[in-house]
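In what follows, a structure is listed as structure tokens, so that the remarks can point back to it.
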Amino acid sequence: MDYSNLRRQAASLKKGLFDQGHLDEQFRQVEDLQDEASPNFVEEVVVVFFKDSGRLISNLEQALEKYPRDFNRWDAYMQQLKGSCSSIGASRMKNECMSFRDNCGQRNVEGCMGSLQKLKREHAILRQKLESYFQLLRQAGPAGAATRPAM
């Protein structure tokens with residue numbers, strides 16, 4: 001297997017995530033925290049992010065149903081999700097969180113629903129792309145992440 005080719009593919013995929021605005025500089029800062037003592041740190045952080053963000057999106061969907069027009073409650077859930085997105089550099093997701101919050105401020109139910117659908121799409125796209133990225137790193141061997149944390 002050509003490990004250098006796998007590393008190039010992973011680098012290209014990561015570059016695309018930045019070029020397309022899925023990730024921002026904060027992701028690089030998270031990567032800077034990874035070292036030999038914790039070679040899977042970034043992947044582990046991303047796994048926790050997707051677990052938590054999935055739960056937050058589900059909680060928000062339940063709140064939208066259970067508490068119609070409770071914009072303050074909706075905004076509180078979205079503020080939490082926005083913070084999580086910011087912490088790993090999930091730029092497009094963070095932007096949709098801000099859009100949702102703007103719609104809450106305007107008391108725009110339809111706008112909130114539209115932003116939530118866009119957010120869920122961005123969440124799925126980023127998850128798929130990062131799973132592919134980390135899979136390539138694992139296949140590339142020791143210079144990449146050697147083991148896979150549970151998702």
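Since we're looking at a predicted model, the values are computed, not measured.
To the nearest 0.5 Å, atom CG of residue Leu6 and atom CD of residue Gln135 are 10.0 Å apart. Distance check: Arg121 CZ to Leu116 CG gives 10.0 Å after rounding to the nearest 0.5 Å. Between the CD1 atom of Ile88 and the CG atom of Leu126 there is a distance of 6.0 Å, given to the nearest 0.5 Å. With rounding to the nearest 0.5 angstrom, the CE atom of Met93 is 8.5 Å from the OG atom of Ser84.
Residues Cys85 and Cys97 approach most closely at SG-SG, 4.2 Å, considering heavy atoms. Of all heavy-atom pairs between Gly111 and Asn103, the closest is O-ND2, 3.1 Å.
The residues Lys120 and Glu96 are annotated as not salt-bridged, no charged nitrogen and carboxylate oxygen being separated by less than 4.0 angstrom. A salt bridge is defined here as a Lys NZ or Arg NE, NH1 or NH2 lying under 4.0 Å from an Asp or Glu carboxylate O, and Lys14 with Glu31 meets this definition. Note on Arg127 versus Glu131: salt bridge recorded, some NZ/NE/NH1/NH2 to OD/OE distance being below 4.0 Å.
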Could you walk me through whether Phe100 and Leu60 pass side-chain contact (heavy atoms from CB on, under 4.5 Å), step by step?
CA-CA 11 Å; Phe100 183 97; Leu60 177 60; 4.0 Å; yes

Mind running side-chain contact (heavy atoms from CB on, under 4.5 Å) on Glu61 and Glu65 for me, showing each step along the way?
CA-CA 6 Å; Glu61 288 177 317; Glu65 209 173 286; over 6 Å; no

Under 3.5 Å, which donor-acceptor pairs link side chains of residues 50-59 to any protein atom two or more places apart or in another chain?
residue, atom, partner, partner atom, Å
Ser53, OG, Phe49, O, 2.8
Ser53, OG, Phe50, O, 3.3
Ser53, OG, His123, NE2, 2.7

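Residue pairs satisfying the ring pair (Phe, Tyr, Trp, His ring centres under 6.0 Å) criterion with at least one member in residues 17-41, sequence neighbours excluded, are absent. Every pair passing side-chain hydrogen bond (donor to acceptor under 3.5 Å, both in side chains) that includes a residue from residues 72-81 is listed here, sequence neighbours excluded: Asp70-Arg73, Asp75-Arg101, Gln79-Arg101.
Under the 4.5 Å side-chain heavy-atom criterion for Ile, Leu, Val, Met, Phe, Trp and Tyr, Met113 and Met78 are members of the same hydrophobic cluster. Under the 4.5 Å side-chain heavy-atom criterion for grouping Ile, Leu, Val, Met, Phe, Trp and Tyr, Val48 is not connected to Leu137 through any hydrophobic cluster. Put simply, Leu13 and Val30 are part of the same group of oily side chains (I, L, V, M, F, W, Y) that touch within less than 4.5 Å, one to the next. Residues Leu17 and Ile125 do not share a hydrophobic cluster, clusters being chains of Ile/Leu/Val/Met/Phe/Trp/Tyr side chains in contact below 4.5 Å. Leu64 and Met98 sit in two unconnected hydrophobic clusters of ILVMFWY residues. Membership requires side-chain heavy atoms under 4.5 Å apart, directly or through other members.
A donor-acceptor pair under 3.5 Å links the side-chain atoms of Arg92 to the main chain of Gln20, judged by distance alone. No donor-acceptor distance shorter than 3.5 angstrom exists from the side chain of Asn108 to the backbone of Cys104, with no hydrogens or angles considered. Side chain of Ser12 to backbone of Gln9: no donor-acceptor contact under 3.5 angstrom is found. Side chain of Gln34 to main chain of Val42: a donor-acceptor pair is present (N/O by atom type, distance under 3.5 Å, no hydrogens or angles).
The side-chain hydrogen bond (donor to acceptor under 3.5 Å, both in side chains) test applied to Glu25 returns Arg28, not counting sequence neighbours. Applying the salt bridge (Lys or Arg N to Asp or Glu O under 4.0 Å) test to Asp102 and every residue at least two apart in sequence or in another chain returns nothing. For the salt bridge (Lys or Arg N to Asp or Glu O under 4.0 Å) test, residues two or more places apart in sequence or in another chain that qualify with Asp19 are Lys15.
Looking at heavy atoms from C-beta onward, Leu136 lies out of side-chain contact with Arg7 at the 4.5 angstrom threshold.
The environment of CD in Gln128 is crowded: more than 12 heavy-atom neighbours from other residues, nucleotides or ligands sit within 6.0 Å.
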